Participant: 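Dropping the structure in here first, questions after.
All ligand and atom numbering here is 1-based and tracks the order in the structure. Remember, predicted model here, so these are calculated numbers, not experimental data.
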Amino acid sequence: MKILVLGAHGQVGTALCRLLTAREFPHLGCGSDTLDITDFRSVEEQLDRFKPDCVINCELVGDIDSAERDRERSDKVHREGVENLARLCHERDIVLFQLSTDQVFDGTKTTAYSESDTPNPVNAFGRSLWEGEEAIRRLWHKHIILRTAWVFGPDGDNVLKRILRQASELDVVRVPSGQKGCPTPALDVARVIIAILEQVGCDVDPPLWGTYHYVGSDVTDWPTFAETVIKAAKSFIDVEAEQVEAVDPATLGETTSRPANTELSTRKILSTFGIKQQAWRRGVQDTLKALYEPATGTGEPVR
Ligand SMILES: NC(=O)C1=CN([C@@H]2O[C@H](COP(=O)(O)OP(=O)(O)OC[C@H]3O[C@@H](n4cnc5c(N)ncnc54)[C@H](OP(=O)(O)O)[C@@H]3O)[C@@H](O)[C@H]2O)C=CC1
Ligand SMILES: Cc1cn([C@H]2C[C@H](O)[C@@H](COP(=O)(O)OP(=O)(O)O[C@H]3O[C@@H](C)C(=O)[C@@H](O)[C@H]3O)O2)c(=O)[nH]c1=O
């Protein structure tokens, strides 16, 4: 199977390309410098040049606050770009693997969201990704939409790295209160993508196309995540921070509302593909090793 990875220089894209190389999958990774998803002509040309069997879209523009400030940009990448991609994949019979987000849900549920729960995004970011998902469902049945959340890892920028920066400089690490979710190591997302691809590539009957959730176990909040990171980091670096404080998100510069609870259920991915959730705490250890012991960290921890 020949694979085209879009967003190849991001957290998930980097981990994925590394794994694809290690497992000898023929693939091509493109960053925004080589392929801008909003340049419809270039996307078409690249598909016709490389002729992939599968496109994995790991693109993401900005974050939740920047998507709110520049809705047009967010719509262009997450909705229009994805819609175009789905149309082109349909025309060429290419499997489309799209990553999506917990932010499609409104957070009012008190238990975990399953794939059959109806999305109701509360911010522009979640809305544009949800509309991108819907375009795929409308246009091309040979797709996998994989929703994940709170992604962290050694590559790119993320909350874990922000916490480490604060912890090495300040006495108190401040993180947002009032949000529950499931942190997910980027490397685990990459492994899950490959595990799914290996199975959908086998022409199983009934077909396994559709929407799935994968997140790390178990559900937590930012203060608990920060405490875990700081405790683990003490084995690797000098840590100043003695305390984690949960604060009003607005005081950290958050200008956009986030859902209060985005716990995602992973029952469907387990029952369909046999993919088990991994503990995010393990991912914290692995990430710290990859950051501070790069010579011993292979990027693919042994489980
Ligand atoms: N990060 C998270 O917490 C979560 C992520 N996800 C999903 O996982 C996926 C990967 O996320 P993650 O790896 O963290 O994202 P990153 O922000 O780390 O990487 C996204 C990549 O997308 C590329 N990109 C942005 N705009 C364009 C464009 N117009 N054309 C082509 N490429 C573009 C950027 O490329 P370049 O660097 O070359 O500019 C960037 O490297 C996303 O689809 C996202 O929806 C879901 C839930 C949570
Ligand atoms: C800038 C800053 C933010 N924060 C807060 C803001 C936010 O509530 C939390 C997480 O920040 P993030 O940058 O991950 O962004 P945020 O945009 O909240 O997170 C989301 O990203 C998108 C892509 C998703 O799909 C979600 O699953 C989720 O991971 O950290 C700090 O604690 N310290 C800081 O210095």
Participant: Assess K161 against F152: is NZ or CZ under 6.0 Å from the centre of the six-membered ring, and within 45 degrees of the ring's axis?
Facilitator: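 No.
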Participant: By number and element, which atoms of ligand 1 are closer than 4.0 Å to a non-hydrogen atom of L35?
Facilitator: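 Near L35, the atoms of ligand 1 are 30 (N), 31 (C).
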Participant: For salt bridge (Lys or Arg N to Asp or Glu O under 4.0 Å), just list the numbers for K142 and D93, CA-CA rounded to whole Å, side-chain angles, deciding distance to a tenth of an Å, and then say yes or no.
Facilitator: CA-CA 8 Å; K142 285 194 186 173; D93 193 20; 2.9 Å; yes
Participant: Are the side chain of N123 and the backbone of R258 linked by a donor-acceptor contact shorter than 3.5 Å?
Facilitator: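 Judged by distance alone, no pair lies under 3.5 Å.
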Participant: Output the list of atoms in ligand 1 that are nearer than 4.0 Å to some heavy atom of W150, sorted by atom number.
Facilitator: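 Once the distances to W150 are compared, the set is 3 (O), 48 (C).
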Participant: Give a yes/no verdict on a cation-pi contact between K76 and F40, requiring under 6.0 Å between NZ or CZ and the six-membered ring centre and an angle within 45° of the axis.
Facilitator: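 The answer is yes; both the distance and angle limits are met.
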Participant: Which atoms from ligand 1 have a heavy atom of R73 less than 4.0 Å away?
Facilitator: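 Close to R73: 29 (N).
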Participant: Given a heavy-atom cut-off of 4.0 Å, could you list the residues near ligand 2 in chain and number order?
Facilitator: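 Near ligand 2, by chain and number: L60, I64, T101, D102, Q103, F125, A149, W150, V159, R162, Q166, R174, V175, P176, Q179, W222, L252, E254, R258.
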Participant: Looking at E134 and R137, is any side-chain nitrogen of the basic one under 4.0 Å from a carboxylate oxygen of the acidic one?
Facilitator: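 The answer is yes: the pair qualifies as a salt bridge.
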Participant: With distance as the sole criterion, is a donor-acceptor pair present between the side chains of Q278 and D188 under 3.5 Å?
Facilitator: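 Absent: no donor and acceptor within the cut-off.
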Participant: Any luck finding a side-chain donor-acceptor pair between T14 and D155 under 3.5 Å?
Facilitator: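 T14 vs D155: no donor-acceptor pair found between side chains.
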Participant: Distance only, no hydrogens: is a donor on one side chain within 3.5 Å (strictly under) of an acceptor on the other, for E115 and T211?
Facilitator: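 No - no donor-acceptor pair under 3.5 Å links their side chains.
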Participant: Could you check which of G31, S32, G62 puts a non-hydrogen atom nearest to atom 39 (O) of ligand 1?
Facilitator: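 Considering heavy atoms of G31, S32, G62, the nearest to atom 39 (O) of ligand 1 sits in S32.
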Participant: Test H78 against L60 for side chain to side chain contact (heavy atoms under 4.5 Å, CB included), laying out the working first.
Facilitator: CA-CA 7 Å; H78 303 135; L60 171 66; 4.0 Å; yes
Participant: Of V151, V12, T101, which has the heavy atom at the shortest distance from atom 2 (C) of ligand 1?
Facilitator: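 Result: the heavy atom closest to atom 2 (C) of ligand 1 is in V151.
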Participant: Out of all atoms in ligand 1, which are within 4.0 Å of some heavy atom of V77? Include the element for each.
Facilitator: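 Contacts of ligand 1 toward V77, numbered from 1: 29 (N).
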Participant: My understanding is that we take every heavy atom of each candidate and find the minimum distance to atom 15 (O) of ligand 1. Doing that for L60, T184, V215, which one comes out nearest?
Facilitator: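 Residue with the shortest heavy-atom distance to the ligand atom: L60.
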Participant: Heavy-atom distances under 4.0 Å are what count here, so tell me which part of A8 touches ligand 1: side chain, backbone, both or neither.
Facilitator: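 Under 4.0 Å from ligand 1, A8 contributes no heavy atoms.
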Participant: Within the structure, is a non-hydrogen atom of L129 found at a distance of less than 4.0 Å from ligand 1?
Facilitator: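 True for this residue.
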Participant: Any idea which atoms of ligand 1 are less than 4.0 Å away from a heavy-atom of G10?
Facilitator: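 Answer for ligand 1: 13 (O), 16 (P), 18 (O), 19 (O), 41 (O).
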